Amino acid sequence: MLEHRPPDPPRTEEELLARVRALAGKTLGDIARPLHLRVPRDLRRDKGFVGQTLETALGARAGSRPIPDFWHLGVELKTLPIGKDGRPRESTYVCAVPVDALHGLVWETSHVRRKLARVLFVPVEADPARPIADRRVGRATLWSCDDDPERDTLRADWEELASLIRQGFIDRITAHRGRVLQIRPKGADAHDARATVGEDGWLLATQPRGWYLRAAFTNRVLDRHYARPAATS
DNA sequence: TATTGATCATGC
DNA sequence: GCATGATCAATA
């Protein structure tokens with residue numbers, strides 16, 4: 001291959017899908033090498049390595065900006081770490097919970113629904129026993145939350161959690177709530193703090209939180225995809 | 001052992 | 001400081 005620099009962003013959805021199909025079966029080492037990306041020994045200090053490598057390989061340019069990875073296509077890229085059992089090992093971060101700016105939001109206009117409008121899920125082997133460079137990329141699926149059979153559950157979870165936050169109960173929310181969508185801490189550490197409005201209406205400090213899709217849910221997304229006839233080849 | 005809560009690196 | 005990319009590691 002003469003590819004020694006990151007590709008330009010894909011111009012069309014078809015181009016993006018063709019690129020991601022071409023990655024299926026390759027290892028992270030195969031993908032990182034021509035991009036001159038060093039593969040870390042473990043992910044403890046490089047937790048974003050897999051996602052960032054796939055972004056680069058596919059031509060995403062969003063970086064850490066709050067826009068979709070493929071802005072012009074309206075597509076968000078998410079890698080799914082797949083265990084030996086073939087199921088996602090981890091939940092999937094969606095976006096930050098606007099702990100102090102949820103007023104006036106409904107599901108239709110929520111950040112969660114917008115972020116999940118079109119997601120390209122790319123499964124990647126994540127057996128801890130396998131060296132990172134040897135982990136293979138699987139077949140991707142382009143998914144839309146509005147088309148998912150569990151979309152009503154997604155909405156119901158969002159509405160329940162958003163309602164609790166509006167009522168000032170954010171500090172009473174744990175990751176146990178929500179059947180498919182949950183809220184968990186998402187910050188530098190447990191001492192990270194942001195302002196919010198408490199039960200009594202006063203400002204108080206709380207941990208920053210994020211919306212996450214449960215691993216059991218993304219597992220069902222993959223199941224449904226692979227149960228279908230193969231996409232046009 | 002599945003899940004929750006904590007944590008890490010980087011860019012702007 | 002906040003958003004991006006997530007996985008780690010203690011706990012239930």
Side-chain angles (χ1 to χ4, degrees), chain A residues 6 9 20 23 28 31-32 35-71 75-102 111-112 114-116 119-133 135 137 140 157 161 170-196 205-220:
Chain A
V20 76
L23 295 182
L28 292 176
I31 295 168
L35 297 170
H36 304 294
L37 297 174
R38 203 188 116 267
V39 180
R41 169 185 277 99
D42 61 61
L43 297 175
R44 269 180 298 186
R45 309 195 78 84
D46 294 273
K47 296 183 180 181
F49 171 79
V50 178
Q52 286 153 3
T53 298
L54 270 291
E55 278 188 350
T56 303
L58 293 170
R61 286 291 195 284
S64 62
R65 287 173 293 165
I67 58 173
D69 296 301
F70 300 98
W71 177 83
V75 172
E76 178 71 22
L77 177 70
K78 290 290 182 191
T79 60
L80 291 176
I82 305 299
K84 273 188 300 190
D85 58 2
R87 298 161 51 221
R89 288 173 51 86
E90 297 284 350
S91 56
T92 298
Y93 174 68
V94 180
C95 58
V97 177
V99 288
D100 56 352
L102 212 46
H111 300 95
V112 174
R114 269 191 286 165
K115 194 86 174 182
L116 299 181
V119 180
L120 185 63
F121 282 116
V122 184
V124 180
E125 285 183 325
D127 173 4
R130 189 183 293 270
I132 292 166
R135 298 182 185 176
V137 172
D157 284 349
L161 291 162
I170 188 159
D171 284 332
R172 314 226 301 234
I173 294 175
T174 71
H176 294 93
R177 282 192 189 267
R179 284 178 285 174
V180 299
L181 185 69
Q182 63 181 171
I183 285 181
R184 303 223 306 280
K186 165 74 167 160
D189 55 54
H191 302 101
D192 209 344
R194 295 189 62 171
T196 187
T206 190
Q207 266 189 288
R209 320 288 171 108
W211 298 100
Y212 291 81
L213 296 175
R214 290 185 179 277
F217 175 72
T218 54
N219 182 47
R220 291 194 291 277

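Lettering of chains follows the sequences in order, A, B, ..., and the numbering in each one begins at 1. Being a predicted model, the structure only gives us computed values, none of them experimental. Note: hydrogens, waters and symmetry copies are ignored here, and every other heavy atom, side chains too, is used.
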Next item on the list: Tell me which nucleotide among C/dA9, C/dA6, B/dG5 gets nearest to the side chain of A/K47.
Entry: C/dA6
Check: Touch check for A/G48, heavy atoms < 4.0 angstrom, all strands: base, sugar-phosphate only, or nothing?
Finding: base
Note to self: C/dC8, OP1 or OP2 - any side-chain N/O from A/R44 closer than 4.0 Å?
What the structure shows: no
Checklist line | Nearest-angstrom distance from the residue atom NZ of A/K115 to C1' of C/dA3 | finding: 9 Å
Margin query: Nearest whole Å is fine: how far is C/dT4 P from A/Y212 OH?
Written below: 11 Å
Item checked: A/E125 to A/R135 - nearest heavy-atom pair and separation -> O-CD, 3.1 Å
Next item on the list: Please state how far atom CD in A/E55 lies from atom P in B/dA9, giving the value in whole angstrom units.
Entry: 18 Å
Notebook entry, point to check: How long is the line joining CZ of A/R87 and P of B/dT1, in whole Å?
Noted result: 12 Å
Notebook entry, point to check: For the side chain of A/K186 and the base of C/dG5, is some donor closer than 3.5 Å to an acceptor across the two?
Noted result: yes
Note to self: Which is more 5' along DNA chain C, the nucleotide nearest A/E90 or the one nearest A/Q52? Just name the residue.
What the structure shows: A/Q52
Note to self: Just N and O in the side chain of A/Q182: are any of them under 4.0 Å from OP1 or OP2 of B/dT4?
What the structure shows: yes
Next item on the list: Taking only the side-chain heavy atoms of A/E76 (C-beta and beyond), determine which of C/dA3, B/dT4, C/dG5 contains the nearest atom.
Entry: C/dG5
Note to self: Could you tell me how far apart A/D192 (CG) and C/dA3 (P) are, to the nearest whole angstrom?
What the structure shows: 11 Å
Margin query: Using only atom types and a distance under 3.5 Å, with no angle test, would you say the side chain of A/Q182 pairs donor to acceptor with the backbone of A/Y212?
Written below: no
Notebook entry, point to check: Which atom names give the shortest non-hydrogen contact between A/I31 and A/A57, and what distance separates them?
Noted result: CG2-CB, 3.6 Å
Next item on the list: Could you say whether A/D46 or A/D85 is positioned toward the 5' end of DNA chain B, judged by the nucleotide with the nearest heavy atom to each?
Entry: A/D85
Margin query: If I take atom CG in residue A/D42 and atom P in nucleotide C/dA6, what distance separates them, rounded to the nearest angstrom?
Written below: 18 Å
Notebook entry, point to check: CD1 of A/I132 versus P of B/dC8: gap in Å, rounded?
Noted result: 17 Å
Next item on the list: Identify, between A/H176 and A/A188, the residue whose nearest nucleotide on DNA chain B lies closer to the 5' end.
Entry: A/H176
Note to self: Starting the side chain at C-beta, find the nucleotide from C/dC8, B/dG5, B/dT7 nearest to A/D189.
What the structure shows: B/dT7
Next item on the list: Check whether the side chain of A/Y93 and the base of C/dA3 form a donor-acceptor pair under 3.5 Å.
Entry: no
Notebook entry, point to check: Given B/dA6, is OP1 or OP2 found less than 4.0 Å from the side-chain N or O atoms of A/Q207?
Noted result: yes
Margin query: I'd like to know if A/D46 pairs up with A/R41 as an ion pair, taking the criterion as any Lys NZ or Arg NE/NH1/NH2 lying under 4.0 Å from an Asp or Glu carboxylate oxygen.
Written below: no
Notebook entry, point to check: Quick one: is A/R184 getting a side-chain N or O under 4.0 Å of the C/dA6 phosphate, OP1 or OP2?
Noted result: no
Margin query: Side chain of A/R214, heavy atoms from C-beta onward: which of C/dT7, B/dT3, C/dG5 has the nearest atom to it?
Written below: B/dT3
Notebook entry, point to check: Within the pair A/T92 and C/dA6, is there a side-chain N or O less than 4.0 Å away from OP1 or OP2?
Noted result: no
Check: Of all heavy-atom pairs between A/L181 and A/L161, which one has the smallest distance, and what is that distance?
Finding: O-CD1, 3.7 Å
Note to self: Test side-chain contact (heavy atoms from CB on, under 4.5 Å) on A/L54 and A/L28; report intermediate values, then the result.
What the structure shows: CA-CA 9 Å; A/L54 270 291; A/L28 292 176; 3.9 Å; yes
